[in-house]
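Below are the structure tokens for one structure; questions will follow.
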Amino acid sequence: QVQLVESGGGLVQAGGSLRLSCAASGGMFSINAMGWYRQAPGKERELVAAVNSNGKMRYADSVKGRFTISRDNANDTLYLQMNSLKPEDTAMYYCALYPTGSYQYTPGYWGQGTQVTVSS
């Protein structure tokens with residue numbers, strides 16, 4: 001059974017940084033695409049960043065230049081480095097595993113979520 005275990009969320013001041021981690025097990029980590037989504041109160045869940053099986057990355061326009069997604073295939077771990085955080089980044093962040101190597105379609109597995117709160 002696929003498991004995605006997230007960590008690294010917390011409370012930070014605007015301008016600060018956090019690194020989210022997602023430890024994956026029971027799946028085809030090295031060949032499947034993975035991503036990070038977030039959902040703020042009153043908002044729809046949105047894609048933050050994703051990386052496919054070839055290492056190609058995509059980002060939401062709102063986080064380009066501030067966030068970096070990476071994957072450590074040797075340790076089956078996905079990361080999201082978040083710099084220059086803004087209050088509007090406050091949301092529940094979810095790790096996602098796609099059913100194939102492409103991030104074109106809907107993820108098949110989700111983590112439990114980790115809360116990120118950015119104060120001003």
Side-chain angles (χ1 to χ4, degrees):
Q1 189 81 357
V2 172
Q3 291 185 340
L4 304 174
V5 180
E6 298 153 308
S7 61
L11 173 65
V12 298
Q13 295 188 36
S17 298
L18 284 174
R19 188 177 74 162
L20 306 183
S21 299
C22 173
S25 63
M28 307 292 282
F29 181 87
S30 63
I31 65 172
N32 287 12
M34 298 191 72
W36 290 95
Y37 287 71
R38 69 185 181 186
Q39 187 167 24
K43 303 292 185 180
E44 295 183 347
R45 185 175 298 185
E46 64 174 346
L47 175 68
V48 177
V51 56
N52 69 11
S53 59
N54 294 320
K56 184 177 181 180
M57 304 165 186
R58 66 179 291 194
Y59 295 92
D61 288 341
S62 60
V63 307
K64 287 181 179 178
R66 300 188 298 119
F67 291 10
T68 303
I69 189 171
S70 62
R71 64 193 303 167
D72 182 352
N73 289 338
N75 294 295
D76 291 354
T77 304
L78 183 74
Y79 300 98
L80 184 68
Q81 179 66 45
M82 304 185 294
N83 298 326
S84 301
L85 283 162
K86 304 174 180 179
E88 50 263 46
D89 294 318
T90 295
M92 184 72 73
Y93 284 71
Y94 298 91
C95 178
L97 176 68
Y98 293 78
T100 70
S102 173
Y103 45 58
Q104 181 178 358
Y105 303 106
T106 304
Y109 299 92
W110 299 88
Q112 80 286 353
T114 184
Q115 179 67 39
V116 172
T117 302
V118 184
S119 65
S120 59

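All values derive from a computational prediction rather than experimental measurement.
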Within the distance-only criterion (no hydrogens, no angle test), does the side chain of T77 pair as donor or acceptor with the backbone N or O of A23 below 3.5 angstrom? no
Is the shortest side-chain N to carboxylate O distance from D89 to K86 below 4.0 Å?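 No, no charged N to carboxylate O under 4.0 Å.
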Look at the side chain of Y59 and the backbone N and O of I69, then say whether any donor-acceptor pair between them is shorter than 3.5 Å.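 Yes, because the side chain of Y59 sits within donor-acceptor range (under 3.5 Å) of the backbone of I69.
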Taking it one step at a time, do V51 and L78 satisfy side-chain contact (heavy atoms from CB on, under 4.5 Å)? CA-CA 9 Å; V51 56; L78 183 74; 3.9 Å; yes
Are there over 12 heavy-atom neighbours, none belonging to Q3, within less than 6.0 Å of that residue's CD? no
Do E46 and R38 have side chains that approach each other closer than 4.5 Å (heavy atoms only, starting at C-beta)? yes
Taking C-beta and beyond as the side chain, do M82 and V48 meet within less than 4.5 Å on heavy atoms?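 In short, these two side chains do not touch, never coming nearer than 4.5 Å.
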Should W110 and R45 count as side-chain neighbours, where that means a heavy-atom distance under 4.5 Å? yes
Does C22 reach the side chain of Y79, with side-chain heavy atoms less than 4.5 Å apart?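 Sidechains of Y79 and C22: no contact.
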Main-chain N/O of Q112 paired to E6 side chain as donor or acceptor, under 3.5 Å: yes
Residue pair S17 / N83, side-chain donor-acceptor N/O under 3.5 Å: yes
Can you find a pair of side-chain heavy atoms, one from F67 and one from L85, that are under 4.5 Å apart? yes
Between the main-chain N or O of R19 and the side-chain N or O of Q81, is there a donor-acceptor pair closer than 3.5 Å?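 Answer holds: no.
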Measuring from atom CE of M92 to atom OG1 of T117, what distance do you get when rounded to the nearest 0.5 angstrom? 8.5 Å
Side-chain heavy-atom pair N52, Y98 within 4.5 angstrom cut-off: no
Could you tell me whether the side chain of Y37 reaches within less than 4.5 Å of the side chain of P107, counting heavy atoms only?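 P107 reaches Y37 side chain to side chain.
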